[in-house]
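Atom set for the values below is all heavy atoms of this structure, side chains included, hydrogens, waters and symmetry mates excluded. Just so we're clear, the structure is a prediction, and the values are computed from it rather than from any experiment. We name chains A, B, ... by the order of the sequence lines, and we start the count at 1 in each one.
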Number of protein chains: 2
Amino acid sequence: MSKDILSKVKPRDSKHNTNEWVYNSLCQLILTGEFVPGISFTFRGIANSFGVSTMPVREAAKRLISEGALDMSEKRRITVSQMSQSKFDELMIARLNLEPQLSVLALKHIDSKRLKLLINIDKNLDYAISTGNIEDYIKYNYQFHFGIYEAGLSPVLLPLVRTLWLRFSPFYRIVAGRAGTQTLKDFHHSAIDAIIAKDSVALEVAIHSDILEGMEMLNESLNE
Amino acid sequence: MSKDILSKVKPRDSKHNTNEWVYNSLCQLILTGEFVPGISFTFRGIANSFGVSTMPVREAAKRLISEGALDMSEKRRITVSQMSQSKFDELMIARLNLEPQLSVLALKHIDSKRLKLLINIDKNLDYAISTGNIEDYIKYNYQFHFGIYEAGLSPVLLPLVRTLWLRFSPFYRIVAGRAGTQTLKDFHHSAIDAIIAKDSVALEVAIHSDILEGMEMLNESLNE
DNA sequence: GTAACATATTTGTGATCACAAATTATAAAT
DNA sequence: ATTTATAATTTGTGATCACAAATATGTTAC
């Protein structure tokens, strides 16, 4: 792992201790597709990149391993977990069953300020889609979904759903070469409409459809 | 934490390294209700009880903290996470949406040997219910559900559901003083019938009903 | 050139250490 | 007896060390 990882990561915050900083940084790198499946790391290598000892890296990486985002199966090497069809199918099941419910729980906590934020994110998302910028698409898609989900501060479902995203996000990179992102925006718009109307059923449907579409796109790319 | 924890835990296996042994042991203690909400530990205390250094305890406990089973909120003390109504409601949502699906995925992998095992577990469960033995009820109820779930080796849903059980299991102890366990056995029987008939819809309904009933019992106890 | 063997390096694991921050125990004062 | 100030202890965190196992590197033999 190269030294310039630090430039792709939020600077160290005094609010978080070292292992939290490393954990959040690794999450960010995974969620933005910076960690491509296949490349492998070592504790010492990551530690050198962050300029810390192996100790906080061990805690952060071990946590991500237990969350299924990283793997240490291959002897003494840490890698982004490989995807399989059964993993993918189960991720789909979990997302379809949890995220619509989570968005309904969050709906009542979405105030006008957050709504404005979501509309703005969606605008950026539309632009990323129209220009085919997959990196921005990944980033704003994440921000849009969790902009909704985080409104409710759900103590159980929110962390659960976060681990699901850690598992499939690295594979968005595979979609980069394809031009199938044009049809995705409708569901975000109908989600916003549902939030404005405070219509929980419509929001549930919109999130459900969005997941279905996005995951189907991923599935096609995985099987090519 | 007292030294006699070792007697309540599986002896160390050469297949697992130290931190896995500690993690599995802590899981067992949590799932069997040995760790009651409220009591608090320290890394060094647990390490002394297990006769190991703080290192593997840190890894095991930190993992359980990230899984929501343990808490370190109160300054420098590790405790079994407190339950709240919103946590409970979300656990219910997650269980009802994941476990029936997980059992359907597992159904096709349940062979006659496993079916016999489930029937035997259910017999022990019936006896525990009739004698009001809450400890055995907790143990065999876990074995019954995961006896089904584990058949499919689901790489995503199974670990996810395990973390849900880690979160609510400690609170079964609160039910100990009540006599409301008599009505639970029917759903296990209908689950077994569904497995024999290879009827996935019936299995889904049985698991759903069982969760609903068990969690409702827990919810009443939490609110008394 | 290639396979077989020996050597050197790197790896994760578990233990230990240093240390600041927090907790608890002790003593003093009213 | 209760509060307040001070000292002693304990805590999690991050760094470092020892070590066996695994990997990589070099060397020899055919």
Side-chain angles (χ1 to χ4, degrees), chain A residues 1-3 5-6 9-27 35 38-82, chain B residues 1-3 5-6 9-27 35 38-82:
Chain A
M1 186 193 265
S2 56
K3 265 274 185 186
I5 284 295
L6 279 184
V9 143
K10 283 187 198 158
R12 172 128 194 225
D13 189 337
S14 62
K15 284 199 166 194
H16 303 91
N17 56 21
T18 310
N19 94 67
E20 287 171 335
W21 173 57
V22 174
Y23 175 79
N24 290 332
S25 301
L26 292 179
C27 280
F35 278 5
I39 53 171
S40 67
F41 320 104
T42 61
F43 287 160
R44 282 173 172 88
I46 299 175
N48 284 337
S49 299
F50 281 94
V52 298
S53 81
T54 56
M55 201 54 243
V57 173
R58 274 163 76 170
E59 290 195 357
K62 285 261 178 175
R63 177 173 174 188
L64 284 163
I65 290 168
S66 89
E67 289 173 335
L70 298 180
D71 254 338
M72 195 158 53
S73 61
E74 188 186 339
K75 287 294 183 190
R76 297 183 181 241
R77 281 214 109 69
I78 299 155
T79 108
V80 172
S81 301
Q82 284 295 120
Chain B
M1 184 192 264
S2 56
K3 265 272 184 185
I5 285 294
L6 279 184
V9 143
K10 283 187 197 157
R12 175 132 189 221
D13 188 337
S14 63
K15 285 200 163 188
H16 303 92
N17 56 21
T18 311
N19 93 67
E20 287 171 335
W21 174 58
V22 173
Y23 175 78
N24 289 333
S25 300
L26 292 179
C27 280
F35 278 5
I39 53 171
S40 68
F41 320 104
T42 62
F43 287 160
R44 283 172 171 89
I46 299 175
N48 284 337
S49 300
F50 281 93
V52 299
S53 81
T54 57
M55 202 54 240
V57 173
R58 272 163 77 170
E59 290 195 358
K62 285 259 181 178
R63 178 172 173 189
L64 285 163
I65 289 168
S66 89
E67 290 173 334
L70 298 180
D71 254 338
M72 197 155 53
S73 59
E74 187 187 338
K75 288 293 182 192
R76 298 185 183 239
R77 281 212 108 69
I78 298 155
T79 99
V80 171
S81 300
Q82 285 296 119

Legend entry - Side-chain donor-acceptor contact under 3.5 Å, Thr18(B) with Arg12(B):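 Looking only at side-chain atoms, Arg12(B) and Thr18(B) do form a donor-acceptor pair, the distance falling under 3.5 Å.
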Inset, instruction - Identify, between Arg76(B) and Pro56(A), the residue whose nearest nucleotide on DNA chain D lies closer to the 5' end. - result: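 The 5'-side residue here is Arg76(B).
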Legend entry - Residue whose nearest DNA chain D nucleotide is more 5′ - Met55(B) or Arg77(B):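 In this pair, the answer is Arg77(B).
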For the residue pair [X] and [Y], what are the closest heavy atoms and their distance?
X	Y	result
Gly38(B)	Gln82(B)	N-OE1, 4.0 Å
Ile46(B)	Leu26(B)	CG2-CD2, 4.4 Å
Met55(A)	Arg58(B)	CE-NH2, 3.5 Å
Leu6(B)	Ser49(B)	CG-O, 3.4 Å

Inset, instruction - Please list, in 5' to 3' order, the outermost nucleotides of DNA chain C lying under 4.0 Å from any heavy atom of chain B. - result: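 Range of nucleotides within reach of chain B: dG14(C) to dT23(C).
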Inset, instruction - May I ask you to check if Arg63(B) and Tyr23(B) form a cation-pi contact, with NZ or CZ under 6.0 angstrom from the six-membered ring centre and within 45° of the axis? - result: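 Yes, Arg63(B) sits over the ring of Tyr23(B).
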Inset, instruction - Measure up the Trp21(A) and Phe50(A) rings against each other and bin them: parallel (under 30°), tilted (30 to 60°), perpendicular (over 60°). - result: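 Rings of Trp21(A) and Phe50(A): perpendicular, as their planes differ by over 60°.
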Legend entry - Results of side chain to side chain contact (heavy atoms under 4.5 Å, CB included) for Arg76(B) - residues two or more places apart only: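 So Arg76(B) forms no side chain to side chain contact (heavy atoms under 4.5 Å, CB included) with any residue.
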Inset, instruction - May I ask you to list the residues of residues 14-22 of chain A, by number, that have any heavy atom positioned under 4.0 Å from an atom of DNA chain D? - result: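 Of all residues in residues 14-22 of chain A, the ones placing a heavy atom under 4.0 Å from DNA chain D are Asn17(A), Thr18(A), Asn19(A).
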